[in-house]
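Working notes for the structure below.
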4 protein chains.
Amino acid sequence: MNIKEQRRAEIIKAAMKVFGKHGFHKAKIEEIAKVAGIGKGTVYEYFSSKNELFEQMVEYIVITYFDMAKEAMGQHKTARGKLLAFAEHHGSFIAHHINMAENILPSSNFLSEEIKSRILEMKKSIVSLIDSTLEEGVKTKELKTDLNIKVATLSILGAINQNYTIEIFLQKIDPKDIDPTPIIDTIFNGLVNK
Amino acid sequence: MNIKEQRRAEIIKAAMKVFGKHGFHKAKIEEIAKVAGIGKGTVYEYFSSKNELFEQMVEYIVITYFDMAKEAMGQHKTARGKLLAFAEHHGSFIAHHINMAENILPSSNFLSEEIKSRILEMKKSIVSLIDSTLEEGVKTKELKTDLNIKVATLSILGAINQNYTIEIFLQKIDPKDIDPTPIIDTIFNGLVNK
Amino acid sequence: MNIKEQRRAEIIKAAMKVFGKHGFHKAKIEEIAKVAGIGKGTVYEYFSSKNELFEQMVEYIVITYFDMAKEAMGQHKTARGKLLAFAEHHGSFIAHHINMAENILPSSNFLSEEIKSRILEMKKSIVSLIDSTLEEGVKTKELKTDLNIKVATLSILGAINQNYTIEIFLQKIDPKDIDPTPIIDTIFNGLVNK
Amino acid sequence: MNIKEQRRAEIIKAAMKVFGKHGFHKAKIEEIAKVAGIGKGTVYEYFSSKNELFEQMVEYIVITYFDMAKEAMGQHKTARGKLLAFAEHHGSFIAHHINMAENILPSSNFLSEEIKSRILEMKKSIVSLIDSTLEEGVKTKELKTDLNIKVATLSILGAINQNYTIEIFLQKIDPKDIDPTPIIDTIFNGLVNK
DNA sequence: CATGAATGAGTCTTCATTCAT
DNA sequence: TATGAATGAAGACTCATTCAT
């Protein structure tokens, strides 16, 4: 049992490397097996098809992303603090999954409806996480009382993602060296001259 | 000449439909030809390979996106007006290219370095467009004088994209029915309680 | 009429270059047309198919070879003289048709039975040419009276071909610089120590 | 290991049949596989491409030819004896590889430079074999002391090949029924009336 | 007559998946 | 249980040939 799950995990790790490097179609089961240090046929003992392996891998990534985000944010009290933590988490995550972001998520064609909806749930959970952070901030008067929370949440998510993506992919900056403060502050304080 | 360019354009249109529906690998040249109403071999009279056709198509999309954005923004004076126009343009564009966004851009693996760099130039042009809009806004005192323009630009782009994406893809809302005002205003006015 | 035959001849000349360079299958009708300075479709006005063009070309070459051999040998009286002339002709011919020899004749798969038999007739004519040269030599006492003419003919043909082929193809020697005398003399005088 | 080499050999045997029958281009991998009693894909487990299979086959033939020639000649002492043995070997070989000779060697266009040079080495080895046979004959006074060995070698090779080719291909005579004595004697004794 | 744009039959090659060992 | 040899479906691409202009 334990050994089986461990083997499964190893294959998923190998799949992350190989799908990440080549994208879904150019990734070969044989290479994944080799990276995992096992035989080609063995992969099929744990996953019924290339598609299923891909799906399981995507689910693993999404769950991991969510759990880490939740943990990082839990260590802060203010909305600003939580969002700064989330931004840092997001940056470090996409940096470690550059190729995923570029090569995998696009392959969403190959995801089954079932797994798509599970991923969607996860995405909604992320949104809820930010949503409730903002709601909390409104209650504590840290944030405007008339805030359009839905729009604000999506704007924050988009802004964080866009800023980190550019810095990491184009400017090749290490996510640890990116300061999330200007991003959050720009959003928090707005642009207009008052 | 004219007829040749027209045929080329027809093939690219067909390619947009088919690559959009299936992504790069599952798209078949034969289907593209059928959609274009021509024979399989004819595609190869105009494009030397599936890859080249894909690249030409991506370039066409990117150029179109940029030109339309520029035109839409040109009809406004204030930063706020320009950004609202840009948001609407972006929304309508991704709505018409849903599958592109989902299935094509990810296939970036298959783009040659040359076309990748051309696309990158276009993306930078988009950023410059917003950048100068914000600079202008600072000069006219519409915006804060101490604005971190780079961060603000990326935040706006990310916020617009995220909001429209969610509305269009998940809520299945027609982009014409999405009001960009709350998005721009949320960014412009900030979140904090002052 | 005259213009038609001339055009036909031009196409055959072009075919010799292109088939010679690439062999039957890799030769493209389009390249032959380009070399002939005409349009692709025009080739089909003169030859009904790639195969027919190939056949006509082979026949042309074979006839030319035979006519030239006959003419060269006619200017000599002794068997030795005739054979030296033939050797020189053969050498100059294969030098000018290197690629033919290497790439074309092998493609004999594609020759129709009809043309194959016509070519065979030509080959037999060459053999007859040498045969009668030797017979004549026997009559005039230039050659042994108990000569096995058939074997001698084929041996001479084989020896000349082999010597010239090696010199021209491997040693890259110009056929004009090859002296046929040692070849003919070696055959004429024999190898054994008497 | 053994099983793998055996399978490899089976495929080469099948390739000899099919390439021999159709020539390089008209031969289909699928037919080779069928003749070998395996699936199409399996061919690619052993040879990376049609070209490589063709090359390996050609090399196999050439090596076999050389080894057999060497062995046949080794069982004789005099130059005459060795050459008679060589002639018989050559005749039996080309008889068993009629189609090869006609359809394959011409396809030399498709051979890589590497394999071409390996084949060239083999051809040179054959020439050396005859060369040293003649040299030995000169030393033992079996042959003329002033013999032009290079020319004599090529003449013998050419004469043998031409005589056997005509008998086997045109007269459809079984190589076993061809007596090499007249060929060798004609060359050995010369043509001139002394 | 000459042309070349259009065509689609034909084939190599890849790789997910199976299954005998 | 683990393996990797064997398989064949699937698809990009070529090019001889046709035919409207």
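Below, chains carry the letters A, B, ... as their sequence lines are ordered, and counting in each starts from 1.
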>> Distance check needed: F:dG11 P versus B:F24 CZ, whole Å only.
In response: 13 Å
> Which part of the nucleic acid, if any, lies within reach of B:K28 when heavy atoms closer than 4.0 Å are counted: base, sugar-phosphate only, or nothing?
Replying inline: sugar-phosphate
>> Counting only heavy atoms from other residues, nucleotides and ligands, does the tally under 6.0 Å from CD of D:E30 exceed 12?
In response: no
> Which comes earlier along DNA chain E counting from the 5' end, the contact point of B:G39 or that of D:E30, where each point is its nearest nucleotide?
Replying inline: B:G39
> With respect to the side chain of B:Y46, which nucleotide from E:dA2, F:dT3, E:dA6 is positioned closest?
Replying inline: E:dA6
>> Strictly by Watson-Crick or wobble contacts shorter than 3.5 Å, is anything paired with F:dT21, and which nucleotide is it?
In response: E:dA2
>> Any carboxylate oxygen within less than 4.0 angstrom of a Lys/Arg side-chain nitrogen, looking at A:K17 and A:E31?
In response: no
> How close or far is atom P of E:dG10 from atom CD of D:E31, stated in whole angstroms?
Replying inline: 15 Å
>> Is there, by distance only and without an angle test, a donor paired with an acceptor across the side chain of A:K50 and the base of E:dT17 below 3.5 Å?
In response: no
>> Tell me which nucleotide, if any, is Watson-Crick or G-U wobble paired with E:dG8 when both distances must be under 3.5 Å.
In response: F:dC15
> Between E:dT3, F:dA2, E:dT17, which nucleotide has the shortest distance from any of its atoms to the side chain of C:T42?
Replying inline: E:dT3
> Considering only side-chain heavy atoms of C:K4, which listed nucleotide, E:dT13, F:dA6, E:dC1, is closest?
Replying inline: E:dC1
>> Between the base of E:dG8 and the side chain of B:K34, is one N or O donor paired with an acceptor at under 3.5 angstrom?
In response: no
> Does C:K123 make a cation-pi contact with C:Y65, if we ask for NZ or CZ under 6.0 Å from the ring centre and within 45° of the axis?
Replying inline: no
> What's the CD1-P distance between D:I29 and E:dT14, to the nearest Å?
Replying inline: 11 Å
>> Output the rounded distance in Å from NZ (D:K40) to C1' (F:dA5).
In response: 18 Å
> Hey, which of these two, D:S48 or A:S48, hits DNA chain E nearer its 5' end, going by closest nucleotide?
Replying inline: D:S48
>> As a test of reading the structure: which of F:dT18, F:dC13, E:dA5 is closest to the side chain of C:Y44, going by heavy atoms?
In response: F:dT18
>> Please verify the inter-ring angle class for A:F19 with A:F54; under 30° counts as parallel, over 60° as perpendicular, anything in between as tilted.
In response: perpendicular
> Could you state the CZ-P distance from C:F47 to E:dA2, rounded to the nearest angstrom?
Replying inline: 13 Å
> Is A:K50 close enough and on-axis enough to A:F24, meaning under 6.0 Å and within 45°, for cation-pi?
Replying inline: yes
> To the nearest Å, how far apart are D:H25 NE2 and E:dC12 P?
Replying inline: 9 Å
> Whole Å only: how far is the CD atom of D:E5 from the P atom of F:dA5?
Replying inline: 14 Å
> Are the charged groups of C:R8 and C:E5 less than 4.0 angstrom apart, N to O?
Replying inline: no
>> With a 4.0 Å limit, can you tell me whether A:R7 has a side-chain N or O closer than that to the phosphate oxygens OP1/OP2 of F:dT1?
In response: no
>> What's C:A27 touching, base or sugar-phosphate or nothing? Going by heavy atoms closer than 4.0 Å.
In response: sugar-phosphate
> Of the candidate nucleotides F:dC13, F:dA9, F:dT7, which contains the atom at the shortest distance from the side chain of D:E45?
Replying inline: F:dT7
> The side chain of D:S49 lies closest to which of these nucleotides: E:dA2, E:dT13, F:dT3?
Replying inline: E:dT13
